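For reference, the structure discussed in these notes is given below.
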There are 2 protein chains.
Amino acid sequence: MEGDGIQVERRDEIAALNSSADEVSHLALDIGGTLIKMVYFSSDSDWPVDDEGKRSSKEKGSKNCNFVNGRLHFMKFETRKINDCLQFISSKQLHHYGGWHTEAPVDCKNIIKATGGGAFKFADLFKEKLEISLDKVEEMDSLVAGANFLLKAVDREAFTYMDGEKEYLQIDHNDLYPYLLVNIGSGVSMIKVDGDGVYERVSGTSIGGGTFWGLGKLLTKCKSFDELLELSHQGNNRVIDMLVGDIYGGMDYSKIGLSSTAIASSFGKAISENKEIEDYRPEDVARSLLRMISNNIGQISYLNALRFGLKRIFFGGFFIRGHAYTMDTIAVAVNFWSKGEAKAMFLRHEGFLGVMGAFMSYPNNGLDHLMSKQLVEQLPKSACCPKHEARSPLLGDLTENGSIECSVQLCL
Amino acid sequence: MEGDGIQVERRDEIAALNSSADEVSHLALDIGGTLIKMVYFSSDSDWPVDDEGKRSSKEKGSKNCNFVNGRLHFMKFETRKINDCLQFISSKQLHHYGGWHTEAPVDCKNIIKATGGGAFKFADLFKEKLEISLDKVEEMDSLVAGANFLLKAVDREAFTYMDGEKEYLQIDHNDLYPYLLVNIGSGVSMIKVDGDGVYERVSGTSIGGGTFWGLGKLLTKCKSFDELLELSHQGNNRVIDMLVGDIYGGMDYSKIGLSSTAIASSFGKAISENKEIEDYRPEDVARSLLRMISNNIGQISYLNALRFGLKRIFFGGFFIRGHAYTMDTIAVAVNFWSKGEAKAMFLRHEGFLGVMGAFMSYPNNGLDHLMSKQLVEQLPKSACCPKHEARSPLLGDLTENGSIECSVQLCL
């Protein structure tokens, strides 16, 4: 859902990343309509790889379970630039590290967990270019597994947002379900989650991140998703939206609870003005578009939560990007339509739910084991990360590429 | 919600209309954000008016209740061209005919029932230019009264639409309530109707007719709403929308019931193509826009119907304009989201619900009396209209300006 300026896929940066000689394992991909998300784990560099990228013999046959310090790497690429992703995987020799099992047949080492529609669409391309077989993980399975893991394993994963204030939530593991998961990618999926692997996709809308960026690109000539978001921050939607006050001569429509500044018709003011698109400031167009889409997602989400009696709505997906105004609009929409009874909640690792789920689907992924025994919080502070937050191994906003220090339990 | 080509407000046409010397009564207005809707009744021309436009003395003091043959006239003007509306009212001397009561004080004769936000916004303008006081009728009250009247009094008012087939519905008057009324004007109101005057506005969306026409105007440079609708009829949304198959390599996402041709992300394909708005055919842009908006309205309407256990959803408002593709998209959306359990229904007099309600609010409007006694169907065929449909005095699609022969009961 975003453009040129943000990915770490330029050749010089890729070269810099390649200079790391860390042991790499558990590469997983989520190939969506707009973005490819990638997660892989690299242990600290005491596990050398040989020239062919295979794990060296010193670990072979080891059956011990140990904590291994390392990093979870999160990256994203634009789907339309999938060759950059392939090049990165190839140069980093990531394709040799689908899973931990060094003794698996050679064929299995070139199998990588992948989710999203692109796992189907680009399967042949991965096979042809990298000799990788994509082991497809169902998209909704992945989203739910990723969200469940993050909500359980990561302290302060979820937060509410209102009037510029973040409030982190303490989620009781025993009182997590049921909840509504709203994943805003190119399109939007709404999933009722009742437990580990127990869920139903109950709704969705085609008016999602792809609509914001697609329509926004056509209307403003912006070159990137981030540029469009930034523009929206500076804009004023009242220039183009038809407000209740525009219809009611500046008055509220108080009988039905609509203030004069409520939007009666998104982009409705464009009807009555003899202006062309060039006559509007791109900032104002971007703002109206963002409000229209965020409002709509908030409203449909609330209606679905209400339908199933769900108290919690978690919003994830790369559309949000930690963008204050987006979160604020969604939160206000949920608050407005629920008359204050429901609250929108956001996930710090919003964009990586699906790919985390794919990562979790490796049989011995280390993280899963940590989660099930809740070992995360028992780790010594030195083994946990980041340094300022001992109890949260995945703390830190992950809307951009990055990596996080982490310990995983490996049984080899 | 529409543009230049469709109103009968040009001076020559207004002059032609003025040549009619019919007695005029019960003018009512619905002044929305985009359109002004007008209804008035003219009796056949045996009730002359004097030079000042007052009802002549021969009816004064008459207290008989009689059926009077005449016509209900339906007109619309663009709100931004309100002066054309004022000119029409003035030249037709309609402002002297707020109601039937010829013996009312002169002041009262210049009081006209008006609904919509413009009844507030333009109140001073009507006072200043025409010495008319607008007697404001609450907007939702009007919509509900108009819809209830039409559904009860007019045979075959409602119909379903699917795969190009209209199916008219026989509504049992005793089994009309409750229903969801979805009025698609510039914005969209969703009203749960439980009886005459018993209703609640339960939801709405700012993504309505004003969004279609406003965004459409900016994206295609179309000059009128009708032109945009016509374009959409010829377009192909698959050019710009990101389909499930675009993400899944041509495959269905069958596990969650999405076919490869389902829209995953409206306008999402514009992300990945190096095209500017000029590179797309306006037809395709219009089609994507119409599907996006119609789908969304259908979905939110269904969710609200479900929430209140309402089996019937009636769609009205000028957005629809009897346009087959719009109705088809709404109907398909309701069918899809309800898994076939709910059906979208449309009203033949879709655009005039609010103004009919305002018209009905005159204390002795004749129509109300007809309705309450269900006299419509007892009228002799010759007094009823149109000629090919004896039992439906208001039959005929009223998406354009027009008039309908009708009998009303007058008690003077």
Side-chain angles (χ1 to χ4, degrees), chain A residues 1 32-34 79-80 116-118 120-123 138-140 186-187 201 203 205-211 213-215 217-219 221 240-242 244 246-251 253 255-256 263-272 276-277 280 292 295-296 299-300 303-304 306-307 337, chain B residues 1 32-34 79-80 116-118 120-123 138-140 186-187 201 203 205-211 213-215 217-219 221 240-242 244 246-251 253 255-256 263-272 276-277 280 292 295-296 299-300 303-304 306-307 337:
Chain A
M1 190 161 19
T34 309
T79 306
R80 64 185 175 133
F120 296 84
K121 181 174 182 177
F122 298 111
E138 208 283 323
E139 189 171 343
M140 300 297 132
S186 306
R201 184 186 188 273
S203 200
T205 166
S206 72
I207 305 180
T211 312
W213 177 209
L215 262 181
K217 192 176 163 198
L218 296 179
L219 288 165
K221 303 193 193 303
I240 309 178
D241 289 342
M242 184 188 285
V244 167
D246 293 327
I247 303 175
Y248 273 76
M251 297 168 68
Y253 185 0
K255 190 189 167 191
I256 58 173
I263 302 172
S265 177
S266 293
F267 289 89
K269 214 176 269 176
I271 299 171
S272 55
E276 301 203 348
I277 183 64
Y280 290 100
M292 177 181 93
N295 248 328
N296 195 62
Q299 180 181 12
I300 296 178
L303 286 169
N304 277 289
L306 189 70
R307 175 181 171 191
W337 290 109
Chain B
M1 185 162 22
T34 309
T79 305
R80 66 185 172 130
F120 295 84
K121 183 174 182 177
F122 298 111
E138 208 283 323
E139 190 171 342
M140 299 299 131
S186 306
R201 184 187 189 274
S203 199
T205 167
S206 72
I207 305 180
T211 312
W213 177 208
L215 262 181
K217 192 178 163 196
L218 296 178
L219 288 164
K221 303 193 193 305
I240 309 178
D241 289 342
M242 184 188 285
V244 167
D246 293 326
I247 303 175
Y248 272 76
M251 296 168 65
Y253 186 179
K255 191 190 166 190
I256 57 173
I263 302 172
S265 177
S266 294
F267 290 89
K269 214 175 268 176
I271 299 172
S272 55
E276 301 202 347
I277 183 63
Y280 290 100
M292 178 180 94
N295 249 327
N296 196 61
Q299 180 180 13
I300 296 178
L303 286 168
N304 276 290
L306 189 70
R307 175 181 171 191
W337 290 109

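First the proteins, then the strands, lettered A, B, ... as listed; each starts at 1. Since the model is a prediction, treat every value here as computed from it, not as a measurement.
If you take CD1 on Ile207(A) and CE on Met292(B), they are separated by 4.5 Å, rounding to the nearest 0.5 Å. Between the CD1 atom of Ile263(A) and the OG1 atom of Thr205(B) there is a distance of 10.0 Å, given to the nearest 0.5 Å. Here the NZ-CD distance, from Lys255(B) to Glu138(A), works out to 4.0 Å after rounding to the nearest 0.5 Å.
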Working note: Asn296(A) + Ile300(B), criterion side chain to side chain contact (heavy atoms under 4.5 Å, CB included); need CA distance, chi angles, decisive distance, verdict.
CA-CA 9 Å; Asn296(A) 195 62; Ile300(B) 296 178; 3.5 Å; yes

Worked verdict on Ile277(B) versus Ile277(A) for side chain to side chain contact (heavy atoms under 4.5 Å, CB included)
CA-CA 11 Å; Ile277(B) 183 63; Ile277(A) 183 64; 5.9 Å; no

Would you check, one step at a time, whether the test side chain to side chain contact (heavy atoms under 4.5 Å, CB included) holds for Glu139(B) with Tyr248(A)?
CA-CA 11 Å; Glu139(B) 190 171 342; Tyr248(A) 273 76; 2.4 Å; yes

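Thr79(B) is linked by a side chain to side chain donor-acceptor pair (under 3.5 Å) to nothing, counting only residues two or more places apart in sequence or in another chain. Take Ser203(A) and apply the side chain to side chain donor-acceptor pair (under 3.5 Å) test, not counting sequence neighbours, and it matches Asn304(A), Gln299(B).
In this model, no donor atom of one side chain and acceptor atom of the other lie less than 3.5 Å apart for Ser266(A) and Thr211(B).
Between the side chain of Lys217(B) and the backbone N or O of Ile271(A) there is at least one donor-acceptor pair closer than 3.5 Å. Under the 3.5 Å distance criterion, the side-chain polar atoms of Lys221(A) are left unmatched by any main-chain donor or acceptor of Glu276(B).
Note: Ser206(A) leads Gly33(A), Gly32(A), Ser206(A), Gly249(A) in heavy-atom pairs under 4.5 Å with chain B. Taking chain B as the reference chain and counting heavy-atom pairs below 4.5 Å, the highest number among Asn295(A), Asp241(A), Asp246(A) is found for Asp246(A).
Using a 4.5 Å cut-off between heavy atoms, Met242(A) touches chain B through its side chain atoms alone. For a residue to count as touching a neighbouring chain, one of its non-hydrogen atoms must lie under 4.5 Å from one of that chain's; by this rule Leu306(A) touches chain B with the side chain only. Only the side chain of Tyr280(A) comes within less than 4.5 Å of a heavy atom of chain B; its backbone N, CA, C and O stay farther away.
Two residues are said to be in side-chain contact when any heavy atoms from C-beta on lie closer than 4.5 Å; Leu219(B) and Leu215(A) meet this criterion.
When all heavy atoms of Ser265(B) and Gly210(A) are compared, the closest pair comes out as OG-CA, 3.2 Å.
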